[in-house]
Enquirer: 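Okay, here's the structure, questions in a sec.
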Amino acid sequence: DRNLFVPRRAKECIEGEAAAEVRALQAWRDSAAYVLLAEPGAGKTSAFRNEAEASGGEYITARDFIALGPTSRSPEVPLFIDGLDEVRAGSPSRREPLDEIRRQLHKLGRPRFRVSCREADWLGAVDKNALRAVAPNGELTELHLLPLDDEEILVILSRNPSTAANAAEFLNQAKQHGVRALLGNPLLLKLMIEAVRGDQWPGGRADLYRLASERLATEYNIEHRAELKPVPSTEVLLDDAGLLSALLLLSGVEGFSAHATVNPLGGAATVESVPTALGLRDPHAALSSTVFAADGDIRIPLHRTVAEYLAARSLAARVQKGLPIGRVLALMSGLDGGIVEPLRGLHAWLAVHCMSSRRDLIDRDPLGVVLYGDVTAFATLEKEH
């Protein structure tokens with residue numbers, strides 16, 4: 001775990017020197033302010049929650065920090081502000097949400113803080129200089145979560161019941177099938193463990209998400225097959241899960257409440273509030289599946305990237321039946337016509353699933369399509385474009 005938190009440059013300098021590594025780690029923990037950058041699924045939220053608990057800090061999402069502020073008002077308590085990239089949707093300026101965070105930090109007397117953001121959504125020197133202005137000592141450290149190395153992957157595989165007996169063989173097979181790079185991401189490693197059964201190895205990210213989603217849905221169907229009520233097919237369950245995920249992503253709502261009524265300001269919706277015209281077949285079954293997870297009384301997607309993949313899959317199926325792609329993009333675009341930050345992943349997967357509109361989707365956000373989707377199945381001309 002410690003290696004995930006050591007900056008790249010520091011890790012290169014202290015490889016194999018335990019004492020130096022401990023000193024570098026302590027210096028990082030004592031830092032007045034830093035930003036933690038990582039790819040989707042690399043573990044930013046888990047890292048923040050764990051480190052906040054270990055250091056006596058307060059974990060809070062960027063959205064809640066802007067709207068409500070922290071519980072603690074002490075400048076000695078470090079604030080772990082998670083998800084800068086997720087609060088830029090709907091804003092006419094990409095800088096405004098960060099300015100709101102800066103205003104809050106200034107009001108609090110410039111306490112120690114940590115901010116997390118996706119690598120591709122960090123605006124480099126622009127964001128860094130903005131946060132430096134409210135840092136306690138005027139300095140901001142940039143940290144990056146490193147991909148898992150072979151040793152760390154083997155440790156995780158050896159602790160999983162389905163791969164414990166053949167962890168080394170699992171890693172070797174991943175290398176032979178050309179998907180070793182995916183295992184460096186903790187979320188994708190978990191999905192790979194879920195997806196692989198026998199010799200069925202994915203050929204890329206899209207294939208991996210497909211196999212893992214099917215596995216997650218199949219587990220629900222097996223679990224509920226003995227019940228008297230009809231169980232939806234895996235395809236129906238995943239399509240409903242995709243539509244529900246699309247609603248959450250496009251609206252910015254956190255999840256679906258288990259109760260029939262809910263405070264509209266509480267960040268959750270109800271299944272009953274979903275328009276019947278959307279054609280959901282069995283939304284309660286979808287929410288009860290392992291595609292979604294429980295967060296108190298709210299059902300939220302297992303992970304944002306899983307929600308993005310399934311949402312794009314369901315939206316693309318409706319585009320193929322006549323839904324204009326322009327209507328979908330209108331819900332995802334800012335005033336300048338560009339894709340808003342939190343929806344770049346959804347847009348990237350749309351480029352994978354909507355083959356008829358792929359070139360237009362590439363034009364909207366080519367970098368996002370490469371980073372957040374899967375271009376391995378694109379035609380050569382599409383890759384060149």
Side-chain angles (χ1 to χ4, degrees), residues 1-4 38-47 49-50 145-227 231-242 245 285-295 299-310 313 349 374 376-377:
D1 288 344
R2 64 184 181 182
N3 287 342
L4 294 177
E39 302 298 339
K44 297 185 296 297
T45 296
S46 296
R49 288 185 182 278
N50 292 338
L145 285 186
L146 296 169
L148 301 172
D149 58 27
D150 283 3
E151 183 180 348
E152 291 162 337
I153 291 170
L154 286 172
V155 169
I156 294 173
L157 291 172
S158 65
R159 292 174 180 172
N160 188 284
S162 63
T163 56
N166 60 343
E169 178 59 22
F170 189 98
L171 180 57
N172 289 333
Q173 286 292 322
K175 292 178 179 178
Q176 291 179 21
H177 285 84
V179 292
R180 162 60 185 85
L182 299 179
L183 304 189
N185 182 298
L187 172 67
L188 297 186
L189 173 58
K190 179 181 178 180
L191 293 180
M192 188 77 76
I193 294 171
E194 292 285 348
V196 174
R197 293 293 183 270
D199 295 328
Q200 192 178 29
W201 281 83
R205 285 168 60 93
D207 203 20
L208 169 58
Y209 276 90
R210 178 184 61 81
L211 290 171
S213 298
E214 290 174 355
R215 178 67 184 176
L216 292 170
T218 301
E219 285 180 355
Y220 167 83
N221 283 338
I222 291 174
E223 209 170 284
H224 289 74
R225 200 163 286 165
E227 295 184 4
V231 177
S233 68
T234 298
E235 180 61 31
V236 167
L237 191 146
L238 288 178
D239 186 58
D240 280 355
S245 297
L287 291 172
S288 298
S289 74
T290 49
V291 175
F292 289 85
D295 184 8
R299 297 293 292 180
I300 61 174
L302 177 66
H303 193 274
R304 186 178 182 87
T305 56
V306 176
E308 290 167 346
Y309 171 82
L310 290 175
R313 182 176 177 270
W349 284 119
D374 183 9
T376 55

Enquirer: Any heavy-atom pair between the side chains of L189 and L157 that's under 4.5 Å?
Expert: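 A side-chain contact exists here, since the closest heavy-atom pair is under 4.5 Å.
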
Enquirer: Yes or no on side-chain contact (heavy atoms from CB on, under 4.5 Å) for V306 and Y209, after CA distance, side-chain angles and deciding distance?
Expert: CA-CA 7 Å; V306 176; Y209 276 90; 4.1 Å; yes

Enquirer: Supply the atom-to-atom distance E214 CD to Q200 CD, rounded to the nearest 0.5 angstrom.
Expert: 7.5 Å

Enquirer: Hey, are E235 and R313 close enough for a salt bridge, meaning a charged N less than 4.0 Å from a carboxylate O?
Expert: yes

Enquirer: Return yes if some donor-acceptor pair links the side-chain N/O of N185 with the main-chain N/O of P40 below 3.5 Å, else return no.
Expert: yes

Enquirer: Name the orientation class of the two ring planes belonging to W201 and F170 (parallel below 30°, tilted from 30 to 60°, perpendicular beyond 60°).
Expert: tilted

Enquirer: V179 and G203: which non-hydrogen atoms are nearest, and at how many Å?
Expert: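 Nearest pair, atom of V179 first, then G203: CG1-C, 4.4 Å.
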
Enquirer: Do you know the tightest heavy-atom contact between M192 and P202?
Expert: SD-CG, 3.4 Å

Enquirer: State the CG-CG distance between L310 and L302, to the nearest 0.5 angstrom.
Expert: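 Between L310 CG and L302 CG, I get 10.0 Å after rounding to 0.5 Å.
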
Enquirer: Quick check: closest heavy atoms across L237 and P232, and the distance to 0.1 Å?
Expert: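 Answer, listing the atom of L237 first, then P232: CD1-CG, 4.3 Å.
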
Enquirer: Any salt bridge linking D150 with K175? Criterion: basic side-chain nitrogen under 4.0 Å from a carboxylate oxygen.
Expert: yes

Enquirer: Counting C-beta onward and ignoring hydrogens, is there a side-chain heavy-atom pair between L183 and L188 closer than 4.5 Å?
Expert: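 The answer is no, as the side chains (C-beta and beyond) never meet within the 4.5 Å cut-off.
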
Enquirer: Does some side-chain heavy atom of N160 sit less than 4.5 Å from a side-chain heavy atom of I193?
Expert: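 In short, these two side chains touch, coming nearer than 4.5 Å.
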
Enquirer: Closest approach of A206 and D374, non-hydrogen atoms and distance?
Expert: N-OD2, 2.8 Å

Enquirer: Is there side-chain contact between L154 and E151, with heavy atoms separated by less than 4.5 Å?
Expert: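 Heavy-atom side-chain distance check fails, nothing below 4.5 Å.
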
Enquirer: Without swapping roles, check the side chain of R299 against the backbone of L287 for a donor-acceptor pair under 3.5 Å.
Expert: yes

Enquirer: Any chance you could lay out the salt bridge (charged side-chain N to carboxylate O under 4.0 Å, His left out) test for K190 and E194, step after step, and finish with the verdict?
Expert: CA-CA 6 Å; K190 179 181 178 180; E194 292 285 348; over 6 Å; no

Enquirer: Roughly how far, to the nearest 0.5 Å, is CG of L191 from OG1 of T305?
Expert: 6.5 Å

Enquirer: Is it the case that the side chain of T290 and the backbone of L216 share a donor-acceptor pair, with hydrogens and angles ignored and the cut-off at 3.5 Å?
Expert: yes

Enquirer: Verify whether one side chain among Y309 and S245 offers a donor that lies under 3.5 Å from an acceptor in the other.
Expert: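 No - no donor-acceptor pair under 3.5 Å links their side chains.
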
Enquirer: If the condition is side chain to side chain donor-acceptor pair (under 3.5 Å), which residues does S213 pass it with, not counting sequence neighbours?
Expert: none

Enquirer: Could you check E39 against L145 for side-chain contact (heavy atoms from CB on, under 4.5 Å), going step by step and ending with a plain yes or no?
Expert: CA-CA 8 Å; E39 302 298 339; L145 285 186; over 6 Å; no

Enquirer: Any side-chain heavy atom of L182 within less than 4.5 Å of one from R205?
Expert: yes

Enquirer: Any heavy-atom pair between the side chains of R49 and T45 that's under 4.5 Å?
Expert: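 Touching, per the 4.5 Å side-chain cut-off.
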
Enquirer: For S158 and A167, work out which heavy atoms get closest and say how close.
Expert: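 Scanning both residues completely, I find the closest heavy atoms to be N-CB, 4.0 Å.
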
Enquirer: Got a sec, which pairs hit side chain to side chain donor-acceptor pair (under 3.5 Å) with one end in residues 163-172, sequence neighbours left out?
Expert: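 Every pair satisfying side chain to side chain donor-acceptor pair (under 3.5 Å) with a residue in residues 163-172: E169-Q173.
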
Enquirer: Shortest non-hydrogen contact from P186 to G41?
Expert: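 Smallest interatomic distance, heavy atoms only, reads CD-O, 3.6 Å.
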
Enquirer: Kindly say whether A286 contributes a backbone atom to a donor-acceptor pair with the side chain of S289 at under 3.5 angstrom?
Expert: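 Yes: the side chain of S289 pairs with the backbone of A286.
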
